[in-house]
Amino acid sequence: MAITAIKGFNDILPVESGRWQHIEQAARRVFELNGFSEIRVPIMEKTELFCRSIGDATDIVEKEMYSFIDKGGNAVTLRPEGTAGVMRAFIEHKLYAQDPVAKIYYLGPMFRYERPQKGRYRQFHQIGAEITGVHDPLADAQVLNMLVQFFREIGLDEPQLQVNSLGCPECRPAYRSDLIGFLEQRVDALCEDCRRRLSTNPLRALDCKVPGCIAATAGAPSMLDNLCGACDGHFTSVKRYLDLTGTPYSINPRMVRGLDYYTRTTFEMVTSLLGSQSAVAAGGRYDGLISQLGGPSIPGIGFAMGVERVALLLGEKDFCRQPDLFMATLGAGEREFAFRLMNELLQKGLRVEMDYEGKSLKSQLRRADKLGARYSVVIGESEVASGRAILKRMADGVQMETALAADGLCTLLC
RNA sequence: GUGGCCAUGGUGAAGCGGUUAACACUUACGACUGUGACUCGUACAUACGAGGGUUCGAUCCCCUCUGGCCACCCCA
């Protein structure tokens with residue numbers, strides 16, 4: 001048996017890479033338009049970084065991390081998400097010193113030891129963006145607008161934006177105990193998972209899909225009704241700014257996030273087309289994270305999207321580049337002629353292909369068709385001698401005479 | 001980590017105890033010795049995910065492993 005890739009680790013094959021590039025290029029274009037710059041950070045960090053940022057008790061840290069001890073005895077982990085590493089770099093290089101307002105984006109592989117499913121893999125890819133240093137809800141709204149703009153840009157209008165507020169260290173603890181109290185009174189009606197959640201993550205019970213739990217939590221207190229004045233004002237402003245720009249969204253008071261560092265605004269772009277992997281992008285505000293990691297008290301907000309999930313939504317659409325011209329040749333001498341001409345055209349930025357192996361004319365034209373070449377030209381002895389040839393437009397078979405010179409062909413094909 | 005379903009060539013798949021392992025697509029070549037797409041012809045699985053077992057005999061039955069899909073957990 002030949003060696004195969006690791007479970008949950010996938011190859012992005014040539015037929016799919018066009019789609020990936022399309023997504024990445026759109027993200028770069030939109031993010032840079034919005035004033036974001038790329039940051040490239042390592043895919044491995046000290047394990048402690050993730051414990052401290054994501055949260056020791058979260059599923060990610062408890063059971064999903066690729067952690068090991070390196071040869072120097074250091075506890076290291078393949079990053080399960082991007083924000084922690086980006087913020088570590090932000091603090092380490094004191095980027096806030098030159099400008100506390102930083103707008104940065106990143107993209108690359110993340111690793112989580114989970115059971116693979118469609119749209120969920122052990123090595124997966126995220127494109128994320130973060131704004132630091134802005135308390136104002138305008139930042140929240142702008143991040144959301146940019147996310148929505150990205151999805152428009154790549155031609156997906158299906159994922160819907162949902163927003164929520166998780167409050168802050170001022171109001172969340174009180175709400176949390178209220179909720180626990182509420183749930184404890186109905187513990188008999190809750191499913192096994194939700195009973196466990198009571199102690200681990202009570203908010204999660206609001207998101208449970210078991211009918212009994214949905215019924216039992218129907219009258220549960222909502223975080224949104226229990227926000228402190230500052231959080232409530234913040235959330236109200238976020239909504240107003242979204243309305244101001246006509247950004248469509250809905251409020252999902254039961255939306256829960258898996259990372260401990262979120263405060264106030266949280267959001268998801270959700271789709272119904274990927275089964276249980278409904279979130280294609282998600283994020284939120286993390287006002288305490290930077291100081292928690294040893295940096296100054298600077299707020300932040302950001303999101304990450306799952307590239308695999310976005311690619312799945314784009315479906316089978318073909319993003320392959322088609323040649324502008326395919327040159328078919330009849331003999332070895334003509335092949336040399338074509339080879340030289342092809343390279344002149346390539347220099348001028350035209351996509352040109354030719355046969356390398358002296359195949360039959362029929363084979364060559366079949367290949368031209370298969371590659372989707374816009375034009376083809378047959379070069380034989382007389383063409384080389386006269387310097388003129390018949391150019392054929394493949395879509396409709398229309399033929400036209402042309403000089404076999406780089407300049408002329410270039411203007412004809414551009 | 002839990003549960004269910006599944007695994008035949010490059011692809012989609014028939015076959016379900018003894019078959020030349022069907023068919024279609026793809027690919028290659030040809031019909032057309034200088035013109036693709038349509039059509040037609042020819043070729044292309046010592047082989048049925050891997051390893052064990054049952055049997056005279058296993059792609060087909062049983063076990064284990066590996067992988068995939070779906071749901072849960074959780075999440076991008």
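Below, chains carry the letters A, B, ... as their sequence lines are ordered, and counting in each starts from 1.
Searching all strands for a Watson-Crick or G-U wobble partner of B/U11 with both distances below 3.5 Å returns B/A24. Pair check for B/G1 finds B/C72; Watson-Crick or G-U wobble, both atom distances under 3.5 Å. In this entry B/A50 has B/U64 as its Watson-Crick or G-U wobble partner, both defining distances falling under 3.5 Å. Across every strand in view, B/U59 sits unpaired, with no contact that passes the Watson-Crick or G-U test at under 3.5 angstrom. Nucleotide B/U39 forms a pair with B/A31, judged by Watson-Crick or G-U wobble geometry with both contacts under 3.5 Å. As the counterpart of B/C44, no nucleotide is assigned, since no Watson-Crick or G-U wobble pattern has both distances under 3.5 Å.
Backbone-only contact: A/Leu259 has heavy atoms under 4.0 Å from sugar-phosphate atoms and none from a base. Residue contacts for A/Val378: at a heavy-atom cut-off of 4.0 Å it reaches a base atom on one of the strands shown. Among the atoms of the strands shown, none is found under 4.0 Å from any heavy atom of A/Gly283. At the heavy-atom level, A/Gly128 lies nowhere under 4.0 Å from the strands shown. Nucleic acid contact for A/Gln117: base, since at least one base atom lies under 4.0 Å from a heavy atom of the residue. Among the protein residues, A/Ala368 comes within range of no part of the nucleic acid, since none of its heavy atoms lies under 4.0 Å from any strand. Within 4.0 Å (heavy atoms only), A/Tyr121 reaches at least one base atom of the nucleic acid. As judged by a 4.0 angstrom heavy-atom cut-off over every strand, A/Glu62 is placed among residues making no nucleic acid contact. Looking at heavy-atom distances under 4.0 Å, A/Gly372 makes no contact with the nucleic acid at all.
In this entry the distance linking CG of A/Leu371 with C1' of B/A37 reads 14 Å, nearest Å. In this structure, A/Glu381 atom CD and B/U33 atom P are separated by 17 Å, rounded to whole Å. The nearest whole Å value for the distance from the CD atom in A/Gln322 to the C1' atom in B/G36 is 15 Å. In this structure, A/Ile60 atom CD1 and B/C73 atom P are separated by 16 Å, rounded to whole Å. A/Glu114 places its CD atom 16 Å from the P atom of B/G67, with the value rounded to the nearest Å. Rounding to whole angstrom units, CG of residue A/Leu365 and P of B/G36 are separated by 7 Å. Going from atom CE of A/Met65 over to atom P of B/G1 covers 17 Å, rounded to whole Å. Rounded to an integer number of Å, the gap from A/Asp396 CG to B/C38 P is 17 Å.
As rounded to the nearest Å, B/G18 and B/C61 have P atoms that lie 12 Å from one another. Between B/U11 and B/G57, the distance separating the two C1' atoms is 32 Å to the nearest Å. With C1' as the reference atom, B/U54 and B/U27 are 41 Å apart, rounded to whole Å. Rounded to whole Å, the C1' atom of B/A7 lies 6 Å from the corresponding atom of B/G49. When the C1' atom is used for both B/U8 and B/C48, the distance is 4 Å, rounded to whole Å. When the P atom is compared between B/A43 and B/A21, the two are found 16 Å apart, to the nearest whole Å. Spacing of P atoms, B/U46 relative to B/G51, comes out at 15 Å, to the nearest Å.
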Starting at the 5' end of nucleotides 26-31 of chain B, put B wherever the base has a protein heavy atom under 4.0 Å, S where only the sugar-phosphate does, and a dash everywhere else. -S-BBB
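In this structure a side-chain-to-backbone donor-acceptor pair under 3.5 Å is present from A/Gln160 to A/Glu158. With hydrogens and angles disregarded, no donor-acceptor distance shorter than 3.5 Å links the side chain of A/Arg285 to the backbone of A/Thr266. A donor-acceptor pair is defined here as one N or O able to donate and one able to accept, closer than 3.5 Å; no such pair exists between the side chain of A/Asp207 and the backbone of A/Met255. Under the 3.5 Å distance criterion, the side-chain polar atoms of A/Asn34 are matched with a main-chain donor or acceptor of A/Val30.
Listed by first then second residue, pairs satisfying ring pair (Phe, Tyr, Trp, His ring centres under 6.0 Å) with a partner in residues 248-283 of chain A read A/Tyr261-A/Tyr286, not counting sequence neighbours.
Across the interface with RNA chain B, nearest-nucleotide mapping of A/Phe124 and A/Lys118 shows A/Lys118 to be the residue nearer the 5′ end.
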The test is side-chain contact (heavy atoms from CB on, under 4.5 Å); show your working for A/Gln123 and A/Met110 and say whether it passes. CA-CA 6 Å; A/Gln123 175 178 328; A/Met110 308 292 163; over 6 Å; no
From CA spacing to verdict: side-chain contact (heavy atoms from CB on, under 4.5 Å), A/Phe235, A/Leu224: CA-CA 9 Å; A/Phe235 192 53; A/Leu224 292 182; 3.6 Å; yes
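The aromatic rings of A/Phe31 and A/Phe150 sit tilted relative to each other, their planes meeting at an angle between 30° and 60°.
Residues A/Phe151 and A/Asp157 are not in side-chain contact: their nearest non-hydrogen atoms beyond the backbone lie 4.5 Å or more apart.
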